Amino acid sequence: MKKSTKKVLNVAASAAMLAGIAPVAGIVAPTAAHASGSFDVYSVPTLGTGSSESLALGRVKVNVDKRTLAGGNNTLTFTLPQGFEFPTTTTGQNTTLDPITFQDGTTTATGNTYEYVALGGTAPGSVAVNVVSKKSAQIIFNGSVNNADDFELLLNLRDIVSTGPSTGDVNLTFSASSESGLPTGNVKVATVVSSGQVALEANDTESSSDSFGFTFKLTESVAGSLKSGNAVKLKLPSGFEWESRGEFTKLFGDNNFDINDLSVTGFGTDTLTVAAVNDSAISSTAASFNMVLNFRVEDEDKAKEGDVTATVSGNSSSNISSLVVGSYGEYGGGVTVTSPTTVISGQDEQQLGDIVVKESVAGSFINDRTVTLQLPEGARWQSVYEDGETATGTTGSVDTANGLTAPRITYTGTDGRTMRLTFPNQNTSNKAGSITLKDIEVAVQPGFSGDLNVAVAGSQGLTGTVKVATATPSLTLSASDATYSAAIGSDSANIGNLTLKEGAAGALTDDDNGLVEVLLPAGVTFGSVPTVSVTSGDLTIRNVSIDTYNNSATQGVLRFYVDSESTTASTIAINGVNLRIDRTVPQGNIVAKVQGDGAANTAYHGFGDVTQTWKDSYRYAAQGTIATIGTQAPGMESNAVTAIYTIGSTAYKVNGETRTAEVAPYVENGRTYLPVRYVAEALGVTPANILFDKATSMVTLIKGDRVVQLKLKTNQLTINGSTINMDVKAVTKANRTVLPIAWVGKALDATVMYDAAAKTVTVNSK
């Protein structure tokens with residue numbers, strides 16, 4: 001509906017209604033589905049609960065769509081809510097509204113005179129308002145039709161009588177017969193509050209080390225909200241006192257209201273009282289004013305640094321209980337981070353949370369003095385990582401506030417870990433200034449984990465540390481059976497499976513060549529190519545191979561390449577790991593390490609003097625124990641006991657002697673199970689020292705000073721009183737207790753080797 005096609009109808013209704021207005025609000029809860037017009041509300045005043053002989057509710061515009069009015073009488077009834085009435089002198093009055101002016105959208109207007117248009121042959125003067133009771137009135141369209149155009153009717157609700165309404169919304173109800181098509185519904189025209197309330201604000205506050213000023217704003221919800229006596233009290237915290245008041249500005253209220261209607265007392269104390277000079281309203285309508293108030297530090301030993309918060313009390317209801325009126329502090333400042341982020345170790349372009357450097361009071365930062373921010377050894381500012389220690393500026397942006405200007409940014413030190421901010425001039429505003437370093441990026445060393453804390457220093461006098469991020473490893477390495485005990489000199493140690501897990505999506509990258517290497521210690525090589533696959537997430541890899549590292553014949557490496565980075569943190573399974581262990585390898589843990597561009601990018605790229613340090617000191621994205629080396633290979637010890645078992649066969653050999661067991665070794669769910677009794681006997685445990693308590697399902701083995709206990713159908717293994725939680729439960733097969741080979745070795749202090757080709761398990765005593 002274009003505005004140019006509307007007609008405007010001004011309705012003047014005796015003493016009860018007459019208007020001219022500007023729109024501000026709309027309809028509340030329309031109720032009739034047949035309504036084809038609408039309502040607009042031009043004001044929603046706030047009223048008190050007291051009685052009044054004359055007040056104004058909101059002004060309403062009724063929008064009547066064309067073709068809405070049919071022949072005959074069309075009546076739109078509006079009803080006041082409980083607590084409001086029309087003046088008694090208008091009750092029953094039938095007033096024809098005149099003049100009725102239409103703006104014809106199809107006719108050119110001349111000056112301020114518009115053509116009068118009769119709708120359906122009926123003159124507009126036939127529209128009337130009839131006040132039919134103390135609470136209801138009707139707008140009557142006598143025989144009118146409006147086929148030509150829409151029109152608007154403006155309704156003013158003045159001189160309404162308040163009889164003590166309840167608190168809440170004041171809704172005017174419109175109703176009409178369904179045949180008319182006139183709009184119906186509830187329209188909010190006022191709000192009633194239970195008692196007068198004052199809204200308080202503190203604007204233009206200052207930060208200082210001595211004296212303060214601010215603009216105090218008070219706004220009444222209804223006339224008379226600000227009472228006499230102790231109307232509003234503002235109590236300063238310990239160490240401060242009110243000093244004086246300054247300029248007074250009336251924002252609204254009647255013309256007679258001024259500063260003389262206010263009482264402001266309490267200067268020289270910590271409590272200021274603002275009140276009306278008497279019990280009558282300071283204004284016949286709701287009033288609002290600004291007043292400058294000043295206070296100062298009275299006792300430096302008691303005054304606390306930070307926000308100065310005044311407590312609000314008094315017999316006038318207030319919208320708040322406290323008000324921040326300034327900020328106190330000695331010269332200086334601090335550094336904060338709005339929200340520390342998570343960064344990935346081994347990657348660059350890792351974004352930090354916004355770093356805020358702020359004065360404690362205005363003027364704290366002196367020109368040409370500095371604030372320095374030093375990263376820990378495991379991190380570098382991205383500018384330095386890319387361009388070296390001579391870099392300037394930052395990867396992000398600098399926002400300034402309250403009089404500070406952007407500092408010069410350079411980097412210092414022999415490693416470029418320290419960002420230096422030099423302030424070009426002193427803040428001359430009355431607000432504590434601040435700068436915010438946004439979207440700042442760092443590069444993080446492979447293997448770094450934990451909090452990324454920045455040390456704060458510099459000639460401005462700021463000190464301390466601030467957490468800017470938490471570093472998570474790009475990935476972790478774990479073994480399905482890290483306790484597997486391999487023998488020195490073994491040609492085929494089947495240690496089980498390895499798992500690589502990304503610390504976050506995209507942790508393994510396809511930047512550069514995307515190489516990932518699993519590096520074994522010197523003297524240990526891969527006996528065969530394991531199966532490598534992505535078991536969760538959407539990472540893709542390619543070109544899996546094994547080799548020796550850097551042309552060494554005795555240090556094995558497994559290689560693959562990242563083909564496409566993950567969008568969901570992914571898991572890589574390395575299954576069927578078989579190792580060859582040189583006879584020169586010492587006893588202890590076999591530790592594998594993960595390196596390469598794809599896993600530890602920042603150790604291989606970036607500016608040379610930065611990345612070379614990391615590559616030389618620590619270039620591994622992850623490391624972990626994948627097995628242990630417990631004994632020498634069979635035949636290397638003169639007193640060694642060696643038992644050899646064959647998968648699926650009850651025959652086994654002890655130092656070359658063939659024996660027979662009641663249950664054969666077997667493979668289940670990728671784990672090889674051995675009968676504990678026959679391994680124990682082979683290693684010298686006598687039958688008398690192999691005990692089974694049927695009542696508790698407890699198996700006990702005693703060999704010398706070693707006591708081993710296993711409880712069936714649990715994963716608890718106890719050795720000399722120390723309990724170990726196994727990754728499987730002890731079970732029985734053919735009435736014999738069986739365990740995976742690694743836990744058999746752990747229980748009996750033996751080493752176990754598995755030969756996949758021969759399908760044999762070799763157990764050696766220590």
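The first residue of the sequence shown is numbered 1, and numbering continues consecutively from there. A quick note: this is a predicted structure, and the numbers were derived from the prediction, not measured. Values reported hereafter were calculated over all heavy atoms of this structure, with side chains retained and with hydrogens, waters and symmetry mates removed.
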Chemist: Can you tell me how far apart OH (Tyr754) and OG1 (Thr760) are? Round to the nearest 0.5 Å.
Modeler: 8.0 Å

Chemist: Check whether Gln350 reaches the backbone of Asp348 with its side chain - one donor and one acceptor, N or O, closer than 3.5 Å.
Modeler: yes

Chemist: Testing Val577, Val557, Leu579 for side-chain contact (heavy atoms from CB on, under 4.5 Å) with Leu520, which one passes?
Modeler: Leu579

Chemist: Quick check: closest heavy atoms across Leu421 and Leu373, and the distance to 0.1 Å?
Modeler: CD1-CD1, 4.3 Å

Chemist: For the side chain of Asp415 and the backbone of Arg417, is there at least one donor-acceptor N/O pair under 3.5 Å apart?
Modeler: yes

Chemist: I want to check something: taking the side chain as every heavy atom from C-beta on, are Ser566 and Glu502 in contact at a cut-off of under 4.5 Å?
Modeler: yes

Chemist: Can you check salt bridge (charged side-chain N to carboxylate O under 4.0 Å, His left out) on Asp727 and Arg671, steps first, answer last?
Modeler: CA-CA 11 Å; Asp727 61 349; Arg671 308 291 293 275; 3.1 Å; yes

Chemist: Using atom types as modelled and distance alone, determine if a side-chain donor or acceptor of Glu441 lies under 3.5 Å from a backbone N or O of Thr395.
Modeler: no

Chemist: Does Asn589 use its side chain to pair, donor to acceptor, with the backbone of Val591 at less than 3.5 Å?
Modeler: no

Chemist: To the nearest 0.5 Å, what is the distance between CD1 on Ile719 and NZ on Lys746?
Modeler: 6.0 Å

Chemist: Quick check against the 3.5 Å criterion: does Ser649 have a side-chain atom that pairs as donor or acceptor with the backbone of Thr646?
Modeler: no

Chemist: From Tyr411 OH over to Thr390 OG1, what is the distance, rounded to the nearest 0.5 angstrom?
Modeler: 11.5 Å

Chemist: Got a donor-acceptor contact below 3.5 angstrom from the Ser570 side chain to the Thr568 backbone?
Modeler: yes

Chemist: Does any part of the side chain of Val708, heavy atoms only, come nearer than 4.5 Å to the side chain of Thr718, both counted from C-beta?
Modeler: no

Chemist: Around atom CG of Asn735, are there more than 12 heavy atoms of other residues, nucleotides or ligands at under 6.0 Å?
Modeler: no

Chemist: Quick check for you: to the nearest 0.5 Å, what is the distance between Leu352 atom CG and Thr341 atom OG1?
Modeler: 5.0 Å

Chemist: Looking at every non-hydrogen atom in both residues, tell me the closest pair between Arg736 and Val663 and how far apart they are.
Modeler: CB-CG1, 3.8 Å

Chemist: When you check the side-chain N and O atoms of Asn725 and Gln716, is any donor under 3.5 Å from an acceptor?
Modeler: no

Chemist: Taking the side chain as every heavy atom from C-beta outward, state whether Val534 and Thr571 have any atom pair closer than 4.5 Å.
Modeler: no

Chemist: Looking at Glu517, is its backbone amide N or carbonyl O close enough to the side chain of Tyr549 to form a donor-acceptor pair, meaning the two atoms are under 3.5 Å apart?
Modeler: no

Chemist: Working to the nearest 0.5 Å, report the span between OG1 of Thr658 and NZ of Lys653.
Modeler: 5.0 Å

Chemist: Answer whether the closest heavy-atom distance between the side chains of Asp597 and Asp511 falls below 4.5 Å.
Modeler: no

Chemist: If every non-hydrogen atom of Ala750 is compared with every non-hydrogen atom of Leu683, which pair is closest and at what distance?
Modeler: CB-CD1, 3.8 Å

Chemist: Write down the atom of Tyr604, the atom of Gly596, and the distance for their closest heavy-atom approach.
Modeler: OH-N, 3.2 Å

Chemist: For Asp755 and Ala757, indicate whether the former's side chain and the latter's backbone hold a donor-acceptor pair under 3.5 Å.
Modeler: yes

Chemist: I'd like to check Glu657 versus Tyr652 (side-chain heavy atoms, cut-off strictly below 4.5 Å). Are they in contact?
Modeler: no

Chemist: Would you mind reporting whether Arg559 and Asn543 have side-chain heavy atoms less than 4.5 Å apart?
Modeler: no

Chemist: On a heavy-atom basis, which atom in Pro687 and which in Glu681 lie closest, and how many Å separate them?
Modeler: CG-OE2, 4.1 Å

Chemist: Side chains of Thr436 and Ile355: closer than 4.5 Å at any heavy-atom pair?
Modeler: no

Chemist: Is it the case that the side chain of Asp538 and the backbone of Thr567 share a donor-acceptor pair, with hydrogens and angles ignored and the cut-off at 3.5 Å?
Modeler: yes

Chemist: Apply side-chain contact (heavy atoms from CB on, under 4.5 Å) to Leu475 and Leu508, showing your working.
Modeler: CA-CA 8 Å; Leu475 75 164; Leu508 294 178; 4.2 Å; yes

Chemist: For Ala379, is there any backbone N or O sitting under 3.5 Å from a side-chain donor or acceptor partner on Gln445?
Modeler: no

Chemist: side-chain contact (heavy atoms from CB on, under 4.5 Å) between Thr732 and Val738: does it pass, once the steps are laid out?
Modeler: CA-CA 6 Å; Thr732 60; Val738 293; over 6 Å; no

Chemist: Which of these, Thr723, Asn720, Thr696, Thr700, sits in a side-chain hydrogen bond (donor to acceptor under 3.5 Å, both in side chains) with Gln709?
Modeler: Thr700

Chemist: Taking all non-hydrogen atoms of both residues, which atom of Tyr385 and which atom of Thr602 are closest, and how far apart?
Modeler: OH-CA, 3.5 Å

Chemist: Kindly indicate whether the side chain of Thr531, heavy atoms from C-beta on, has any atom under 4.5 Å from the side chain of Ile574.
Modeler: no

Chemist: Can you spot which of Leu500, Thr535, Leu477, Val516 makes a side-chain contact (heavy atoms from CB on, under 4.5 Å) with Ile572?
Modeler: Leu500

Chemist: Could you go through Asp563 and Asp510, starting from their C-alpha distance and side-chain angles, then the distance that decides it, and tell me whether this counts as side-chain contact (heavy atoms from CB on, under 4.5 Å)?
Modeler: CA-CA 6 Å; Asp563 194 43; Asp510 56 10; over 6 Å; no

Chemist: Hey, what do you get for OG1 (Thr483) to CD1 (Ile626), rounding to the nearest 0.5 Å?
Modeler: 13.0 Å

Chemist: Gln351 vs Asp439, test: side-chain hydrogen bond (donor to acceptor under 3.5 Å, both in side chains). Steps then yes/no.
Modeler: CA-CA 6 Å; Gln351 188 169 306; Asp439 302 325; 3.2 Å; yes

Chemist: Could you check whether the rings of Tyr673 and Tyr666 sit parallel, tilted or perpendicular, using 30° and 60° as the cut-offs?
Modeler: parallel

Chemist: Would Tyr484 and Thr628 count as a side-chain contact (heavy atoms from CB on, under 4.5 Å) if you check the C-alpha gap in whole Å, the side-chain angles of each, and the deciding distance to 0.1 Å?
Modeler: CA-CA 6 Å; Tyr484 179 92; Thr628 62; over 6 Å; no

Chemist: Take Asp491 and Arg580 through the test salt bridge (charged side-chain N to carboxylate O under 4.0 Å, His left out) and record every step on the way to the result.
Modeler: CA-CA 5 Å; Asp491 286 333; Arg580 293 191 180 99; 5.2 Å; no

